[in-house]
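First comes the structure, then the notes that go with it.
Each chain gets a letter, A, B and so on, in the order its sequence line appears, and its residues count up from 1. Here the structure is a predicted model, which is why all the values come from computation and not from measurement. The figures that follow rest on heavy atoms only: side chains count, while hydrogens, waters and symmetry mates do not.
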Amino acid sequence: SQLAEENPWALSVHEGESVTVNCSYKTSITALQWYRQKSGEGPAQLILIRSNEREKRNGRLRATLDTSSQSSSLSITATRCEDTAVYFCATGANTGKLTFGHGTILRVHP
Amino acid sequence: EAAVTQSPRNKVAVTGGKVTLSCNQTNNHNNMYWYRQDTGHGLRLIHYSYGAGSTEKGDIPDGYKASRPSQENFSLILELATPSQTSVYFCASGDVTGGPSSYEQYFGPGTRLTVL
């Protein structure tokens, strides 16, 4: 079974709207990362949130972490067409190994 | 100047043939990783390495070997390719020596492999 899982599987919004992707994980973590993968590219990190942090922001992105419920969320405000991508959460240990979820497909329409 | 490059970008192989996928990084990271990505499965770790000469099994190593001859280069080898190994393969580099804040992995652009 997946150690990290995003939901929903897919989202469709119009430009300017806000959107939230959720992540649940099953292991004790020191940090959780959010990655974005655009079509034809490798994933790229958006935000890393450490286990002692509850919220982290990066421009239009906001990540939250609740270690008691083992969940995280990534919110994007004022979405743009270029935000269309697959969004992954990833958990890892100090060995450097990351476990990725299956991803949430986000489509932003003009 | 991409920091993680992969070659080839596309490959068609025949069943039973040998396939070598190459990865080069200029990040000077100790760790390197090979993942495969299939629809519905996300990214799954095949092999990884902590440095030159080191290879470790990931979550799905069967049918794959890895080689890390130098800090910069990490190869994935399919000795006897099968159609089930048709996938997109990603290489990544990273370094955990700085603690959790350094856990980011940097990915290459991927190699699309088709085994007929």
Side-chain angles (χ1 to χ4, degrees), chain A residues 1-10 21 23-53 56 58 63 65 67 72 85-106, chain B residues 2-6 9-10 21 23-25 27 29-51 54-61 68 74 88-112:
Chain A
S1 63
Q2 291 281 123
L3 295 179
E5 188 170 298
E6 302 87 352
N7 69 82
W9 275 87
V21 179
C23 171
S24 59
Y25 59 91
K26 298 181 180 179
T27 60
S28 175
I29 63 169
T30 51
L32 183 144
Q33 302 181 57
W34 284 95
Y35 284 78
R36 176 179 65 192
Q37 184 180 23
K38 295 189 175 183
S39 180
E41 299 179 4
Q45 189 201 66
L46 296 174
I47 288 181
L48 182 149
I49 183 165
R50 299 178 65 150
S51 59
N52 62 353
E53 298 175 310
K56 195 83 168 280
N58 180 6
L65 181 64
T67 54
S72 176
V86 181
Y87 291 79
F88 296 95
C89 63
T91 58
N94 56 8
T95 58
K97 288 178 60 178
L98 290 182
T99 298
F100 287 82
H102 53 71
T104 290
I105 300 168
L106 171 63
Chain B
V4 180
T5 56
Q6 295 182 231
R9 292 295 313 279
N10 291 280
L21 306 182
C23 177
N24 178 274
Q25 58 109 353
N27 296 319
H29 287 154
N30 289 329
N31 296 359
M32 295 186 74
Y33 310 85
W34 276 106
Y35 297 88
R36 65 176 284 176
Q37 185 173 36
D38 305 286
T39 303
H41 287 281
L43 289 150
R44 292 182 290 175
L45 183 65
I46 305 170
H47 283 289
Y48 60 104
S49 169
Y50 290 125
S54 132
T55 61
E56 307 289 336
K57 293 181 178 180
D59 300 322
I60 54 165
R68 183 87 182 271
F74 191 36
V88 181
Y89 292 85
F90 288 96
C91 175
S93 73
D95 204 331
V96 300
T97 55
S101 296
S102 68
Y103 285 2
E104 180 176 3
Q105 289 185 12
Y106 297 80
F107 284 81
T111 294
R112 184 173 296 276

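For B:L45, the part lying near chain A is the side chain, with the backbone staying farther off; criterion is any non-hydrogen pair under 4.5 Å. Of the atoms belonging to A:E41, it is backbone heavy atoms, and not side-chain ones, that fall under 4.5 Å from chain B. Of the atoms belonging to B:Y106, not a single heavy atom falls under 4.5 Å from chain A. Proximity to chain A is absent for every atom of B:Q6, based on heavy atoms less than 4.5 angstrom apart.
Between A:W34 and A:S72, some side-chain heavy-atom pair lies under the 4.5 Å cut-off. Between A:I105 and A:W9, the closest side-chain pair of non-hydrogen atoms is not below 4.5 Å.
At a cut-off of 3.5 Å, with distance as the only test, a side-chain donor of B:Q105 or B:Y35 sits close to an acceptor on the other residue.
When B:Q37, B:E56, B:R112 are compared by the number of non-hydrogen pairs under 4.5 Å with chain A, B:Q37 comes out ahead. Of the listed residues (A:G42, A:P43, A:S51, A:A90), the one with the most heavy-atom contacts under 4.5 Å to chain B is A:P43.
For B:D59, the salt bridge (charged side-chain N to carboxylate O under 4.0 Å, His left out) partners two or more places apart in sequence, or in a different chain, are A:K97.
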Pair A:Y35-A:Y87, ring-ring contact (aromatic ring centres under 6.0 Å, His included): steps then yes or no = CA-CA 6 Å; A:Y35 284 78; A:Y87 291 79; over 10 Å; no
